[in-house]
Q: 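Here it is: the structure, laid out below.
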Amino acid sequence: MATRAIHRAFAKRTVPFLTSQSLFLSSISRSVSTLVLAEHEGGSIKAPSVSAVAAASSLSKDNSISVLLAGSGPSLQEAAAHAASCHPSVSQVLVADSDKFSHPLAEPWAKLVHLVQQKGGYSHIIAPSGSFGKNILPRAAALLDVSPITDIIEISESNLFVRPIYAGNALCTVRYAGANPCMLTIRSTSFPVPPISADSKSEASISQVDLSTFGEDAVGKSRYVKLTSQETERPDLGNAHVVVTGGRALKSAENFKMIEKLAEKLGAAVGATRAAVDAGFVPNDLQVGQTGKIVAPELYMAFGVSGAIQHLAGMRDSKVIVAVNKDADAPIFQVADYGLVGDLFEVIPELLEKMPEKK
């Protein structure tokens, strides 16, 4: 009788922590390890990749963060040394040194991520949400048979994230319940890197990735042709503290030079709307918006910009927004901190005349 009573008591007892979802959540919280796919140039890690490390550090207090670099030559080793000290949360730097990675093509990089994941068994893989991350992460996710979550602006928990939808007009909270790894791209402007004191700097270990099993078929069908870039002393658009943007109202590439002159006086980066890019005023690497670059400078100046939804999605996080437009009902004024209703062909020359030269 006593035995049957004990069995009945255990049968009625509920054990919530044994549910599959709870086991999944507890296993993630116990062991979080992250692989950050980093882009480098000129012997140093690019700022969006450092922001990806900062995002990874917010996943868990006990997160083990590894940074993956690929390339060839002396600049790769310099970048590895920079990655080892770029953030105190980095515990390891993995270096894939091969001519196959001389250029960041999606096919070899995706195969590399698959190889490193098989050996490392990471719970998360993170890349910045720029052309580098958007190119590589989806292909790598397909090889690993998982669904990536893109353009994360906030990490609530190790499996709970916030991302914008409807061109940034709404925010969506997403819970990841799939198998490891959880693959993310993060919006770098949402994860600023705080200044790192000399006391908190640490040197992570640097290890070489074993590429002995990396076959020739990993190169894929795409090939690198050439890189073209404009030589300018202006700051990079994605990391500039001040951005001056022009829209279709400038009417021509010749008139757009007024924006460039104003940017030179302010020490600012030049941006453009999609309409200005499509009209051929400037190259598409200057486009700000949902289909261009996401910026969040201290000061954003918009001249002749109507404020279409896709453009606002790329700059609405700017600290101070100044808009100049002759249409008083332009949507840009709804997000601007300071607005001037006026003709930009009169306003910009007056600014250029009265503004002191940059020191």
Side-chain angles (χ1 to χ4, degrees), residues 37 39 46-49 51-52 104-106 126-139 141 147-154 161-172 174 183-191 222 227-230 234-240 243-251 253 256 259-260 263 268-297 300-318 321 323 325 330-332 334-336:
L37 313 184
E39 187 179 13
K46 287 192 173 183
S49 296
S51 294
L105 298 178
I126 296 180
S129 187
S131 57
F132 173 78
K134 290 177 180 177
N135 191 30
I136 295 168
L137 203 80
R139 182 179 287 270
S147 297
I149 306 174
T150 59
D151 209 20
I152 301 299
I153 63 170
E154 183 183 334
F161 315 100
V162 179
R163 65 183 301 272
I165 56 175
Y166 302 122
N169 287 302
L171 298 179
C172 176
V174 180
M183 303 187 74
L184 313 169
T185 62
I186 61 100
R187 185 176 292 190
S188 57
T189 54
S190 299
F191 296 92
S222 64
L227 172 67
T228 58
S229 60
Q230 291 184 323
R234 290 193 295 266
D236 177 67
L237 177 59
N239 304 313
V243 174
V244 181
T245 293
R248 181 166 42 193
L250 284 152
K251 299 181 180 178
F256 206 94
I259 297 291
E260 297 173 354
V270 172
T273 63
R274 178 171 179 171
V277 170
D278 290 346
F281 300 168
V282 289
N284 60 6
D285 60 332
L286 297 184
Q287 181 182 330
V288 175
Q290 186 179 18
T291 55
K293 292 185 177 179
I294 307 295
V295 300
Y300 188 87
M301 302 181 72
F303 293 89
V305 176
S306 63
I309 290 177
Q310 86 90 20
H311 183 77
L312 296 183
M315 45 68 69
R316 67 191 318 154
D317 291 333
S318 303
I321 300 173
N325 198 302
I332 189 69
Q334 297 177 12
V335 298

Q: Looking only at heavy atoms, which two atoms of Gly246 and Leu250 are closest? And how far apart?
A: CA-CD1, 3.6 Å

Q: Would you say the side chain of Phe303 lies within less than 4.5 Å of the side chain of Thr245, judging by non-hydrogen atoms?
A: no

Q: State whether the number of non-hydrogen atoms from other residues, nucleotides or ligands found under 6.0 Å of Ile309 atom CD1 is greater than 12.
A: no

Q: Testing the basics here: between Arg187 and Pro164, what is the closest heavy-atom pair and its distance to 0.1 Å?
A: NH2-CG, 3.3 Å

Q: Does the side chain to side chain contact (heavy atoms under 4.5 Å, CB included) test come out yes or no for Met301 and Val243, once each step is laid out?
A: CA-CA 6 Å; Met301 302 181 72; Val243 174; over 6 Å; no

Q: Shortest non-hydrogen contact from Leu105 to Ser222?
A: CD1-O, 3.9 Å

Q: Considering only heavy atoms from C-beta outward, does the side chain of Ile149 approach that of Ser147 to under 4.5 Å?
A: no

Q: Could you pull out all residues at least two apart from Leu137 that satisfy side-chain contact (heavy atoms from CB on, under 4.5 Å)?
A: Leu37, Ile125, Ala127, Pro148, Met183, Thr185

Q: Could you tell me the separation between the CD1 atom of Ile153 and the OG atom of Ser129, rounded to the nearest 0.5 Å?
A: 11.5 Å

Q: Among all residues two or more places apart in sequence or in another chain, which pass the salt bridge (charged side-chain N to carboxylate O under 4.0 Å, His left out) test with Lys293?
A: none

Q: Would you say the side-chain atoms of Ser318 pair up with the backbone N or O of Ala296, donor to acceptor, closer than 3.5 Å?
A: no

Q: Hey, what do you get for CG (Asp236) to CG (Asp285), rounding to the nearest 0.5 Å?
A: 9.5 Å

Q: Should Val270 and Val244 be marked as a side chain to side chain contact (heavy atoms under 4.5 Å, CB included) after you check the CA-CA gap, both sets of side-chain angles, and the distance that decides it?
A: CA-CA 5 Å; Val270 172; Val244 181; 5.6 Å; no

Q: Which atom names give the shortest non-hydrogen contact between Phe256 and Ala272, and what distance separates them?
A: CZ-CB, 3.8 Å

Q: Answer yes or no: is there a side-chain heavy-atom contact under 4.5 Å between Val162 and Ile152?
A: no

Q: For Phe132, is there any backbone N or O sitting under 3.5 Å from a side-chain donor or acceptor partner on Asn135?
A: no

Q: Nearest 0.5 Å, what's the CD1-CE distance between Ile294 and Met315?
A: 11.0 Å

Q: Closest approach of Val295 and Gly238, non-hydrogen atoms and distance?
A: CG1-CA, 4.4 Å

Q: Taking all heavy atoms of Arg248 and all of Ala276, pick out the closest pair and write down the distance.
A: N-CB, 4.3 Å

Q: Please test Arg316 against Asn169 for side chain to side chain contact (heavy atoms under 4.5 Å, CB included), starting from the C-alpha separation and ending with a verdict.
A: CA-CA 10 Å; Arg316 67 191 318 154; Asn169 287 302; 3.7 Å; yes

Q: Using 0.5 Å steps for rounding, measure from the CD atom of Gln287 to the CZ atom of Arg274.
A: 6.0 Å

Q: Would you find a donor on one side and an acceptor on the other, under 3.5 Å apart, between the side chain of Asn325 and the backbone of Gly304?
A: no

Q: Distance from Leu286 atom CG to Glu260 atom CD, nearest 0.5 Å?
A: 8.0 Å

Q: Output the distance between atom CD (Glu154) and atom CG (Leu171), rounded to the nearest 0.5 Å.
A: 8.5 Å

